Engineer: 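Submitted below is the structure of interest, expressed as structure tokens.
Quick note on labels: first sequence line is chain A, next is B, and so on, each numbered from 1. Keep in mind that this is a model prediction, so the values were computed, not measured.
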Amino acid sequence: MILELDDVTVTFAAGPPLRRIHLDAMRHVTLQVAEGETLGLVGESGSGKTTTSHVALGLRRPTSGTVRFDGRPFPKRRRELAGRMQAVLQHPHWSLNPRMRVGASVAEPLDVLGRTDRTAVTEMLEHVGLGADFADRYPHELSGGQRQRVSIARALVTRPAFIVFDEAVSALDVSVQVQILNLIKDLQAEYGFGALFISHDLGAVRYVADRIAVMRRGEVVETADTRTFYAGPSHEYSKQLLEAL
Amino acid sequence: MRRLDRLSIGGLACLAVLVLFALGSLVGAGGDPDAIVGPRLQPPGPGWWLGTDNLGRSVLPRVMEGVGTTLLLSSIAVLVTAVLSAAFGILAGYRGGYLNELVMRLVEVLYSFPAIVLAILVAAVLGPGQTAALASIVLVTIPLMTRLVRAAAVAVAQRDYVTSAVISGARLPRVLVRHVLPNVAGTIAVQGTYALSVGIAVEGGLSFLGFGVQPPQASLGVLIQQGGTYMIAAPWLILGPGVVLVAAILAINVVGDGLRDRLEPRETRSLT
Amino acid sequence: MSLLSVRNLVIDYARTRALDGAGLEVAQGESVGVVGESGSGKSTLGSAVGRLLPRAARRTEGEVLVAGEPVFDLPAARLRHLRRKHLGFVFQDPIGSLDPTMRVGDQLRLVLGRGGDVRFHLGRVRLDDPRVLRAYPHQLSGGMAQRVAIAMAMATSPDLLVADEPTAALDSQVREEVSDVIFTLAAEAGTSILWLSHDLPAVARRCDRVAVMYGGRVVESGPAAQVLGHPAHPYTAALARSAPAAAAHGVRLEPVPGRPPVLTGPSPGCAFAPRCAFAEDRCAHERPAPVRVREQDVLCHKAIELEDRLTAPIEPAPIEPAPIEPAPIEPAPIEPAPNTTEVTA
Amino acid sequence: MRLLMWWSGRALSSAATLLGVSVLIFAAVRLMPGGFAETVLGPFATPEQKAELAARYGLDQPVFVQYGHWLAAVAGGDFGFSMISRQPVGAELLARLPITAELTVLAVAASVLLGVPLGVLTAVRARPTGGGAAGRLLSGLGVSVPEFVLGSLVVFVFSRYALGLQVGSWVPLTRDPAANLATMILPAAVLSVFSISVTARTTRDAVMGVLVEPYVTAAVGRGESPWSIVRHHILRNAATPVVTLIGTTTAYLLGGALIVEHVFNLPGVGSYIVQAVGRRDYAVVQAGVLLAAGVFIVMNVLIDLLVGAIDPRLGVMAGRRA
Amino acid sequence: ATGTTTTPQAAAQETAAPGFLAVADQALAPGGTLNLQVHIDSGAATGYDPQLADVATTWQLLSLSYETLVTVGPDFSVQPLLAEKWDTPDDRTYVFHLRKGVAFSNGRKMTADDVVGSLKRLLASKGVWAGQLGPVDEIVKDGDDRVKVTLKEPYTPFLAALANVPAAILPMKEIGDKSVDPATTLLGTGPYVVDNHRQDVSWTFKRNDTYWNQGKPAADTLNITIAPEEAARIAALQNGGAALATLGNVDSASMLAGAKDVKVVTQATTDFYYLMLNSLKPGSKLADPKVRQAINIALDAQQIADIALGGKGKPTAITPAGLPGSCDPATLPSAAKSVEEAKKLLAEAGAEGLSFTLTIFNTEPAPAVAQVIQQNLQQAGITVKIEQMDEASWSGKVYGKAPAEFDAALSWFAGYADPGMVTKWWNPETAGFNAGFMKPDKELSTLIDAANKQAEGRDEALAQVCAKADADAQMIPLVTRPATVAYRADQLSPSLYATEGYGNVLRLVADARVKKSR
Ligand SMILES: Nc1ncnc2c1ncn2[C@@H]1O[C@H](COP(=O)(O)OP(=O)(O)OP(=O)(O)O)[C@@H](O)[C@H]1O
Ligand SMILES: Nc1ncnc2c1ncn2[C@@H]1O[C@H](COP(=O)(O)OP(=O)(O)OP(=O)(O)O)[C@@H](O)[C@H]1O
Ligand SMILES: [Mg+2]
Ligand SMILES: [Mg+2]
């Protein structure tokens with residue numbers, strides 16, 4: 001298992017002291033992602049998907065429960081994980097540094113690892129359907145979909161062991177979506193990374209995910225193999241979701 | 001990123017000329033700024049192309065020296081301010097927590113001193129002179145800048161690209177330098193040029209109150225302060241340094257605005 | 001006369017040609033979906049309709065007529081009048097397009113002018129809760145905010161509503177609700193819709209006509225069912241084939257092969273030629289002129305030849321705009337804004 | 001309840017700031033060379049005289065003890081006596097505050113009424129090339145004319161050619177409001193030139209930040225007129241930094257518009273403090289700086305409240321402070 | 001003048017134009033309000049007590065309410081005031097005949113007890129002026145309206161010292177029964193009484209209706225505004241806000257050129273600038289008399305006067321130039337020597353390439369004087385670094401420690417009304433304030449004492465003092481310090497001496513006639 005969440009609860013306290021509102025964004029969530037596996041995570045808005053991804057990425061310490069990455073708890077120093085995990089975060093608008101050229105953004109994970117070889121950058125841009133000439137553009141010169149693809153390229157460039165895709169293909173047209181999803185699948189076959197694929201788009205999830213977890217109000221209400229899930233979900237809420245497809 | 005606009009380029013050119021002018025005084029062009037060369041308060045004429053001052057010194061070399069002093073002093077001060085504010089502001093804004101509280105309280109304390117009182121205290125404690133003027137400018141300009149840099153850094157710290165960098169395993173210095181700093185650079189540029197004007201004003205104010213650079217060294221503040229006394233009787237005393245000072249600050253401001261626009265990659269929208 | 005008419009529009013950014021002679025007609029009361037590959041110029045086209053392009057954009061050629069008025073050549077006051085009277089916009093980011101410092105009610109009132117019935121307009125988008133009126137945008141959920149934006153855009157009963165991916169940021173249920181609201185209101189008011197989207201099934205279901213963009217041009221347009229069901233342009237066909245939702249599990253979908261062009265000037269021939277399985281020599285250096293295939297207008301040299309050889313897996317049953325069930329009013333979740341992400345570097 | 005928490009938090013942090021200021025100023029005045037006794041008694045005084053004077057004002061005690069006494073007194077509202085005039089410092093500060101306050105109010109009003117429109121104009125007209133350049137030059141000019149030069153010039157010109165305005169003979173507001181205004185308008189104008197320019201520049205920066213926001217595009221798309229967009233959407237959203245700046249400027253000026261007070265010979269707070277610094281009149285300097293700090297803190301609270309009222313995302317009731 | 005009775009002609013100043021810059025037009029009707037502006041308020045920690053006051057500005061303000069037994073005329077002759085006349089039966093005894101009908105402003109008649117008490121109080125005080133009175137042995141009442149003062153030995157400046165404000169006659173009865181504290185209340189016999197005072201803002205004086213001198217003061221009210229900024233005072237003169245103002249800058253006249261009805265006059269004073277060379281700083285080259293002489297030679301007092309003071313000051317020896325009997329600075333030994341000789345002296349002392357710091361306070365014209373000094377000394381190869389400070393820091397540095405830390409410093413002395421008075425400061429053992437940087441010179445001290453004892457042949461003795469001090473050169477007199485006064489001729493007809501000994505611009509303010517006031 002590359003990632004294990006065991007009975008994880010995350011409680012947010014918002015507002016000033018005394019009148020704190022406590023909100024469980026995750027309740028006793030247990031999930032695993034194996035090497036080479038994609039876990040699809042679906043659920044309505046506000047159900048805790050992003051929070052789950054943050055916990056998985058070690059960006060947020062759970063209120064209770066344990067998280068193990070690659071069999072070990074998160075190291076104290078994040079640096080030790082450098083190049084091991086990556087993420088495509090939810091908002092394409094803010095995911096790129098507006099003052100960094102696309103090439104530099106994509107190259108950053110390589111820089112962190114001290115790798116100076118730039119061919120990987122061009123190669124990855126090509127993979128996501130952007131020519132090498134995009135490398136010296138600034139994010140504001142891109143269309144919504146192009147921007148999102150740059151984030152994806154950045155996440156994939158170091159071939160990490162674990163990747164989170166949070167609404168990674170939501171701003172893409174179908175053809176590019178397929179291209180990206182295929183890319184993920186291909187790279188996964190080649191490098192065997194585990195992935196957490198969060199999306200509203202059940203079609204896309206079905207296409208890439210090996211297993212699917214459904215969240216509702218902070219709880220995982222169902223986890224199933226993709227084929228089984230789409231054939232006949234067991235939870236009532238999952239059925240509702242599928243109907244909307 | 002766009003090129004600087006024409007106005008800003010004009011400003012830059014103006015600054016370049018002023019720097020050349022100041023450098024000229026280093027090689028002795030224009031004459032000895034301290035030597036008494038003629039009768040007092042002479043209007044411009046041969047031997048003293050910008051007239052003579054109340055001690056019979058030629059104004060031209062003094063203005064040249066003054067530009068150098070003032071520009072050097074205030075730019076060093078602003079550089080110090082910028083570096084310190086950027087360091088503290090960014091760190092406090094990004095890290096938050098106790099560090100943030102501490103920095104903000106310190107800034108508030110400094111902020112609470114009326115600027116000129118602060119400057120006078122510094123001059124009195126350190127003894128007057130360039131060091132004191134420098135320290136005063138730094139202390140007067142640092143609070144606002146730190147505060148604004150911090151506010152900007154807080155906003156940047158929440159951005160996803162920072163999170164992405166952290167996920168990639170980027171170390172703190174890298175995150176701060178590559179992501180936070182460039183995104184607060186616009187603030188630093190605007191505030192920096194503002195601080196530069198404040199710096200020049202503080203230097204002038206200190207001279208006005210008698211705490212500035214030490215005679216016979218000339219600075220624009222000193223020259224203008226002296227010239228102010230002779231505004232009617234010997235207008236050339238204020239005209240030379242005055243024009244130079246206005247040109248310098250104007251250029252700095254214009255360039256600062258231009259820099260800000262340049263550092264902001266997004267385009268503003270016209271309202272029509 | 002059509003309500004919107006885009007003729008041979010060419011828009012250039014600093015180093016990109018975003019529109020390369022786009023043409024489009026929208027008639028009164030009609031809803032037109034614009035689909036196309038990412039970067040094909042949809043958003044640019046949408047903004048051009050209201051002359052809302054960023055400063056860096058330059059119109060090099062062509063014109064946009066709204067209700068017969070040339071948008072790009074109007075003086076400021078006339079342009080404003082045109083926007084007020086004839087146009088409405090809904091953008092992708094629902095919360096971002098509302099003024100964060102103004103209560104929802106006040107924003108709506110600003111649009112309606114004195115005497116406007118704010119409650120009525122909020123009611124139309126199924127926001128009856130009086131708390132919405134007094135709420136600030138950041139206190140609304142994405143779906144609610146988008147409905148407010150729609151209410152504002154529709155408040156003046158514009159002739160044309162331009163919606164640029166208005167539902168992309170919303171989850172699937174909310175997405176349906178919001179789309180329903182837009183189309184119902186438009187139908188009531190006789191408003192035409194220009195719907196920019198990459199959600200092919202939704203476009204197929206809801207729009208009368210579809211325009212497919214590629215490389216800054218509208219390469220195919222026609223009735224939605226026809227265009228997506230029986231594409232006449234090789235690109236449309238490839239696009240329609242690649243919808244992931246259409247695939248059975250385990251089947252590998254094939255995207256349109258190759259990469260979309262990034263134009264810096266006029267494309268010498270058909271922009272799709274390098275990726276087109278049917279391309280021949282002249283496709284590379286001769287710009288195709290529109291041809292009529294069935295009910296579609298197509299920019300393809302070989303459209304006639306290919307008439308029946310292109311297939312699409314989507315068989316959209318053009319359904320009536322779903323009757324809207326009174327959507328359950330979400331108890332306005334006043335979500336505490338998220339704090340700084342705890343990052344440990 | 002929330003409000004109460006907020007206020008007590010503010011009170012606590014304000015107290016911390018004031019304490020910091022008090023320590024700093026207390027230390028600073030004592031670090032200055034040239035003690036009170038020397039300064040005031042002059043060179044001819046004998047050591048015994050100096051010692052006697054020091055003892056009279058408790059200056060012979062250890063600094064910590066002095067600080068303790070002073071702090072205790074201040075906490076009780078007693079700011080001590082000026083060692084020069086032997087008048088209570090509090091009363092004198094209070095007597096001088098109205099002048100400084102009036103100057104400040106006038107100057108700040110000018111900054112708002114002129115600086116904000118100028119800033120908006122230069123921002124809205126800002127094209128990558130040309131346009132708005134005049135405004136930019138104008139606001140640049142404002143920061144580049146030193147106050148003392150402008151002040152001296154104004155004083156000179158208006159004293160020679162009266163032009164209906166008076167220079168140099170201040171009349172209390174309570175005695176003759178019209179005459180008072182006639183004497184205050186010039187110093188206020190001189191004072192405001194800098195702050196108008198700074199306000200204009202800050203406004204420009206803030207407005208340009210707002211102009212990239214999607215809701216502005218949305219408003220343009222709705223066909224709102226530029227004026228309406230500015231009024232309804234831009235001003236509020238750009239207000240935070242501008243209000244912060246203006247608040248800070250106000251606090252600064254209330255702490256003493258020193259140079260203008262000097263040039264126009266207005267008996268305000270600034271000249272009081274500076275004269276006291278010159279004579280090492282410790283009690284006055286300490287009280288004056290503390291007053292300035294107090295004003296600053298109050299202004300800060302006001303700014304926060306105002307900003308909160310303008311931008312609901314930042315308000316007290318929004319539960320978070322940015 | 002032993003054994004003679006001096007009854008100088010009273011009210012000479014009203015008619016005699018020589019010695020005056022302006023004489024008030026007595027034909028004008030008295031009354032009215034006189035608006036004045038001065039640059040600084042009295043700021044003594046000792047309050048208003050005239051006996052403890054040691055600054056000319058304070059004397060000036062206090063002189064409006066307090067009077068002395070005698071006063072000085074335009075030619076520095078001693079004139080009667082509260083004493084109608086005086087006898088000097090021998091050169092150690094003075095008998096003062098008190099004027100009749102003099103009352104304090106509370107209405108109580110002044111008595112011989114007040115006079116005796118005041119002088120005794122002054123002698124007992126720790127103020128500077130106690131020393132300036134000289135070796136007083138005894139003060140006694142000699143009948144109801146006579147007071148006799150006996151000196152231990154002859155002291156020529158005695159009467160001149162009595163003419164200054166610290167020797168004013170105080171209401172000793174009230175002070176004795178503690179009903180009046182002179183530190184907080186002004187109660188004297190002078191022409192004006194205080195109506196209101198706000199520290200550093202303004203004074204208002206009202207006419208003293210019980211004033212003994214009928215017909216004086218002319219103006220009913222004096223408003224004195226404190227305006228530290230020169231520009232503000234100039235403005236007030238221009239727009240008529242002030243009828244008279246003191247000016248600090250030697251060139252202010254040119255700022256007022258063309259201003260309607262404004263008359264600017266320069267009042268010479270006996271005050272003078274001097275350079276302190278610290279000979280007590282350990283390891284300092286300035287301890288060597290040769291080095292100091294070299295500096296003295298290299299200084300060009302005339303240039304300082306011409307440039308730094310715009311030609312308004314005069315070179316001076318230690319006896320203030322302008323006082324009768326003072327030495328001619330041109331005859332000083334250092335004046336005759338050339339820069340070459342200065343260089344030679346430096347070489348002899350092994351101090352070629354001498355460099356030192358000159359510490360000055362930041363009020364004009366000190367910086368100007370310092371910069372001319374810098375240029376002067378550069379001629380002799382001496383490098384001067386100027387260090388400019390606020391006055392408090394300056395006095396901290398100069399007077400704060402013994403031995404003092406500075407190398408050289410610039411300041412000025414009040415010159416008073418007798419050429420011998422200021423020479424006393426050249427003996428650090430009696431002066432005190434300069435003990436931290438000045439070595440006593442036995443010979444010089446003896447010469448000074450001798451000169452002040454002598455009445456006959458005093459000029460000769462003073463010349464020796466001047467020459468000796470010139471050679472000693474620990475405190476080098478430079479140039480006199482002129483005062484600039486401007487007034488509105490359309491508002492005011494003032495009386496002003498051409499030369500002042502006690503820096504009192506307001507000395508004759510009781511004579512001034514107000515033409516109109518705004
Ligand atoms: N930093 C935070 N502080 C307080 N509450 C938070 C914070 N972050 C998230 N929440 C709350 O936690 C809940 C789960 O949020 P999360 O972002 O994980 O949802 P999501 O499933 O990703 O939704 P979406 O599909 O809209 O992105 C929401 O109610 C949200 O308001
Ligand atoms: N501000 C800009 N500056 C420069 N180039 C731009 C700018 N905005 C868009 N472009 C370029 O113009 C082309 C068209 O962009 P547009 O945003 O219209 O595409 P789109 O069809 O909306 O794509 P998406 O579906 O990804 O949003 C793209 O190649 C894009 O890179
Ligand atoms: Mg999410
Ligand atoms: Mg788009």
Side-chain angles (χ1 to χ4, degrees), chain A residues 12 14-15 21 23 43-47 54 58-61 74 76-79 91 93 126 129-131 133-134 137 140-146 148-149 167 169-182 185 200-204 206-208 226-227 230-231 240-241 244-245, chain C residues 13-16 18 35-44 54 56 92-93 96 141-143 165 168-176 197-201 238-247 249-250 252-256 258-260 262 333 335-339 341-345:
Chain A
F12 285 119
I21 303 163
L23 182 137
E44 67 188 351
S45 187
S47 56
H54 282 183
L59 295 173
R60 188 173 287 291
R61 244 184 293 277
F74 275 105
K76 254 206 150 75
R77 297 171 34 142
R78 177 114 222 143
R79 170 96 193 134
H91 302 285
H93 196 66
E126 299 272 355
L130 298 173
D133 50 335
F134 275 86
R137 289 212 198 178
H140 74 272
E141 295 175 298
L142 303 180
S143 77
Q146 289 165 342
Q148 197 159 47
R149 282 182 276 162
E167 297 292 356
V169 293
S170 62
L172 299 175
D173 68 281
V174 282
S175 158
V176 176
Q177 229 177 57
V178 166
Q179 188 184 345
I180 299 294
L181 297 178
N182 284 346
K185 284 179 145 189
H200 287 308
D201 183 346
L202 289 172
R206 175 165 71 171
Y207 189 62
V208 286
T226 306
R227 198 181 295 273
Y230 279 87
Q240 269 181 21
L241 275 182
L245 182 67
Chain C
Y13 290 109
R15 44 183 149 183
T16 323
V35 300
E37 199 154 28
S38 162
S40 58
K42 301 184 294 291
S43 299
T44 307
Q92 176 173 354
D93 179 9
S141 75
E165 304 196 23
L170 306 174
D171 77 57
S172 43
Q173 292 108 320
V174 181
R175 182 182 306 183
E176 284 306 304
S197 174
H198 50 248
D199 188 348
L200 294 187
L239 185 68
R241 264 200 309 277
S242 52
H249 187 69
R252 188 179 171 91
L253 290 169
E254 278 315 316
V256 184
R259 215 166 353 100
V262 177
E335 289 179 26
N339 283 331
T341 322
E342 259 180 52
V343 277
T344 40

Engineer: Against chain A, work out which of C:A168, C:G39, C:P54 has the most heavy-atom pairs shorter than 4.5 Å and name it.
Structural biologist: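 With the most close heavy-atom pairs to chain A, the winner is C:G39.
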Engineer: C:S43: what forms a side-chain contact (heavy atoms from CB on, under 4.5 Å) with it, not counting sequence neighbours?
Structural biologist: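 C:D164.
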Engineer: For C:V256, is it the side chain, the backbone, both, or neither that has a heavy atom closer than 4.5 Å to a heavy atom of chain A?
Structural biologist: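 Both backbone and side chain.
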Engineer: What residue in A:D133, A:V176, A:V208, A:L172 has the most heavy-atom pairs under 4.5 Å with chain C?
Structural biologist: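 The option with the most such pairs is A:L172.
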Engineer: Tell me every residue that passes side-chain contact (heavy atoms from CB on, under 4.5 Å) with A:Q146, counting only those two or more places apart in sequence or in another chain.
Structural biologist: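 Partners of A:Q146 under the side-chain contact (heavy atoms from CB on, under 4.5 Å) test: A:L130, A:F134, A:L142, A:S143, A:R149, C:S38.
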Engineer: Between the side chains of A:S175 and C:R241, does any donor sit under 3.5 Å from an acceptor?
Structural biologist: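 Side chains of A:S175 and C:R241: no pair found under 3.5 Å.
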Engineer: For the backbone of A:S170 and the side chain of A:D201, can you confirm whether one donor and one acceptor N or O come within less than 3.5 Å of each other?
Structural biologist: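 Between the backbone of A:S170 and the side chain of A:D201 there is no qualifying donor-acceptor contact (under 3.5 Å).
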